[in-house]
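Read the numbers this way: they start at 1 and go in the same order the structure lists the ligands and their atoms.
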Amino acid sequence: MEITVLGLMWLGLFIGGLPLLGWLLWWWNELWYVAPLKSQCLATGTKLPPGHMGFPLLGEMLSFLWYFKILRRPDEFINSKRRKYGDGVGMYRTHLFGSPSIMACFPSVNKFIFQSDDKLLLDWPQVDLMGPASLVAVHGKSHARLRSYVVNTINRPDALRRIALHVQPRMSHARLRSYVVNTINRPDALRRIALHVQPRMLTFENIGRLFASFEAGPLLDNMDNLFKGMIHGIRAYPINFPGTAYHHALQVVLLNFYMLNLTSHFTIFHLTAARSNIKLISYIRQCETHDLMDGLMQIRDEEGNKLIDQEVLDNIVSLVAAGYESTSLASMWALYYLSKFPNVLEKLREENMAISKNKKGDFLTSEDVSKMKYTNKVVEETIRMANIAAFVFRLAIKEVEYKGYKIPKDWKVIVWIRYIHTNPENFEDPMCFNPDRWNEPARPGTYQVFGGGSRICAGNMLARIQLALFLHHLSLGYKYPAGSPSALVHQNAD
Ligand code: HEM
């Protein structure tokens with residue numbers, strides 16, 4: 001009898017306590033992070049953006065992963081917030097990736113965040129991986145100074161003119177043609193296509209040569225593996241523990257620097273030797289024209305100052321990482337969309353065949369690319385739909401207010417860029433790949449693929465021109481009118 005009463009007591013506690021525990025866990029983060037801010041909000045007449053902070057430690061990660069990994073409709077995460085809390089100013093509070101955060105997803109609030117770089121600092125990728133003197137690691141005046149070197153070297157018309165000629169030999173290579181013919185036009189029985197493989201190899205060969213004069217061969221393959229390891233680490237949660245991707249990336253980054261250092265010393269050695277050797281001078285001139293590491297080493301600002309070695313190295317490593325991953329993913333997505341939309345491929349081919357006839361075998365110049373109207377629309381549409389930089393991250397080093405809403409100090413800000421491009425309020429039928437939508441420019445603020453403000457992508461024109469040239473050589477390589485629109489495409493980018 002005693003056992004039964006005790007048992008009943010435990011059962012009662014269990015039944016009564018479980019919901020209480022559940023309630024406590026559900027509201028824990030709200031009580032921990034939000035409740036202490038209420039009085040400050042009252043005093044300043046501001047409020048926190050609506051939302052929910054989720055469970056302790058996990059926050060809303062499970063819900064985030066549900067929409068991303070299971071439903072495969074990432075933007076539904078935002079739509080669920082809009083349904084629940086209304087639109088407001090396009091900001092919601094949450095707890096993701098281990099931090100209390102504000103998510104921003106409307107054009108005007110994103111723009112505000114991009115322009116508040118004195119209070120909202122760039123918070124990703126990790127400085128440990130990119131290097132302390134890299135563009136993403138510095139802020140304010142140091143950032144503006146360094147950025148002018150980088151942009152002049154890779155994103156201005158002069159640089160693009162050289163780069164355009166430099167990247168094409170590998171693009172027009174027979175391997176790309178045979179790859180396209182052999183994969184996209186495979187019979188239905190072999191419809192599984194690994195679209196990422198060739199664009200990745202091609203991009204790395206080009207970027208490796210462009211930035212540091214790496215020739216195809218074992219050194220380039222080695223560097224490719226090192227950069228892959230680094231990129232995995234950039235995407236991973238930063239836990240420095242043996243076995244984690246981040247830990248591995250920290251190791252390979254050191255090797256990257258070591259190998260690039262060798263190359264830079266090689267160049268410095270040649271520059272010194274060149275003074276007395278005319279043959280070497282012509283060799284160096286070639287390097288100067290083609291190798292961006294050389295470009296960064298030579299360039300001077302208005303006061304005649306050069307970058308120091310550490311700045312050159314850190315920036316070459318981060319530019320290779322930024323340029324490699326983004327360009328190869330964009331090329332992969334272009335292949336994917338062209339295989340799904342044969343009518344686009346047909347129009348692309350028409351334009352590029354006509355240009356190719358006029359060129360009589362010469363490579364395209366950057367001026368030719370600017371005249372390729374349809375190709376450039378395919379480029380923009382690919383970048384819009386691919387959403388390669390789906391989010392960017394900031395850290396509030398001071399409290400920030402936007403239209404009566406508060407972004408608390410030390411919280412993260414997640415700018416949900418991709419939502420702008422997949423929102424039907426900004427783009428009609430947004431999930432349809434339709435280059436013709438670019439007959440009219442996008443409404444102001446609704447196209448933020450390259451971010452904005454002082455941190456806007458330093459390689460945006462380089463990315464565009466590389467993709468246009470890739471499409472040119474790709475569309476000339478097609479021997480058949482179209483791939484199978486129903487093809488199963490293996491998109492794994494690893
Ligand atoms: C389709 C291709 C690309 C996309 C979608 C893209 C997107 C972006 C975005 C959204 C940002 C802003 C990040 C932020 O605000 O936190 C950014 C920054 C940056 N990107 Fe790109 N990018 C692409 C290609 C490239 C290429 C080819 C390079 C160079 C080789 C490059 C180099 C950089 C650098 C250095 C920054 C940092 C700029 C700064 O902090 O001042 N990107 N990119």
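Of the heavy atoms in F211, only side-chain atoms (C-beta onward) come closer than 4.0 Å to ligand 1. Only side-chain heavy atoms of I154 come within less than 4.0 Å of ligand 1; its backbone N, CA, C and O stay farther off. With a heavy-atom cut-off of 4.0 Å, T327 touches ligand 1 through its side chain alone. Heavy atoms of L462 found under 4.0 angstrom from ligand 1 belong exclusively to the side chain. Neither the backbone nor the side chain of Q448 has a heavy atom within less than 4.0 Å of ligand 1. Under 4.0 angstrom from ligand 1, the non-hydrogen atoms of L122 all belong to its side chain. For R147, every heavy-atom contact with ligand 1 shorter than 4.0 Å involves the side chain, none the backbone.
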(request) Output, in order, the C-alpha distance, side-chain angles, deciding distance and verdict of ring-ring contact (aromatic ring centres under 6.0 Å, His included) for W416 and Y419. (result) CA-CA 6 Å; W416 201 291; Y419 189 74; 7.7 Å; no
(request) Decide yes or no on side-chain contact (heavy atoms from CB on, under 4.5 Å) for M372 and I355, but give the supporting numbers first. (result) CA-CA 8 Å; M372 289 158 43; I355 289 171; 2.9 Å; yes
(request) Under the salt bridge (charged side-chain N to carboxylate O under 4.0 Å, His left out) rule, what do E401 and K119 come out as? Steps first, then yes or no, please. (result) CA-CA 11 Å; E401 191 196 317; K119 296 179 201 129; over 6 Å; no
(request) For side-chain contact (heavy atoms from CB on, under 4.5 Å), just list the numbers for R384 and R437, CA-CA rounded to whole Å, side-chain angles, deciding distance to a tenth of an Å, and then say yes or no. (result) CA-CA 11 Å; R384 178 189 73 84; R437 73 171 79 245; 3.3 Å; yes
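Compare L467, I465, L319, V379 by their heavy atoms: the one nearest to atom 35 (C) of ligand 1 is in L319.
For ligand 1, the atoms lying closer than 4.0 Å to a non-hydrogen atom of H143 are 39 (C), 40 (O), 41 (O). For ligand 1, the atoms lying closer than 4.0 Å to a non-hydrogen atom of L135 are 35 (C), 38 (C), 39 (C), 41 (O).
Judged by a 6.0 Å distance limit and a 45° cone about the ring axis, K81 is positioned over the six-membered ring of F77.
Among all protein heavy atoms, the one lying closest to atom 1 (C) of ligand 1 is I388 CD1, 3.9 Å. Closest protein heavy atom to atom 5 (C) of ligand 1: V449 O, 3.7 Å. Closest to atom 13 (C) of ligand 1, if we only count protein heavy atoms, is V392 CG1, 3.6 Å. Protein heavy atom nearest atom 37 (C) of ligand 1, with residue, atom name and distance: V136 CG1, 3.9 Å. Looking at atom 15 (O) of ligand 1, its nearest protein heavy atom turns out to be R394 NH2, 2.8 Å.
Here the protein contributes C457 SG as N, O or S atoms under 2.8 Å from atom 21 (Fe) of ligand 1.
Using a 30° and 60° split on the angle between ring planes, F341 and F433 fall in the tilted class, from 30° to 60°.
For an aromatic pair to be called close, the ring centres must be under 6.0 Å apart, and F68 with F391 satisfies this. A ring-centre distance under 6.0 Å is found for W438 and Y447.
In this structure a side-chain-to-backbone donor-acceptor pair under 3.5 Å is missing from R161 to S366. Remark: the backbone N or O of V369 is paired with a side-chain donor or acceptor of N376 at under 3.5 angstrom. Looking at R170, its side chain never comes within 3.5 Å of a backbone N or O of L202 through a donor-acceptor pair. Listed for the D314 side chain is a donor-acceptor partner under 3.5 Å among the backbone atoms of A133.
Using a 4.0 Å heavy-atom cutoff, R464 is absent from the residues neighbouring ligand 1.
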Could you pull out every donor-acceptor pair under 3.5 Å between side chains of residues 102-117 and any protein atom, sequence neighbours left out?
{"residue": "N110", "atom": "ND2", "partner": "Q448", "partner atom": "OE1", "Å": "3.0"}
{"residue": "S116", "atom": "OG", "partner": "F112", "partner atom": "O", "Å": "2.7"}
{"residue": "D117", "atom": "OD2", "partner": "S454", "partner atom": "OG", "Å": "2.2"}

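Checked against a 3.5 angstrom limit, the closest N/O atoms of R455 and ligand 1 fall inside it.
Remark: the E76 side chain and the N79 side chain contain an N/O donor-acceptor pair separated by less than 3.5 Å.
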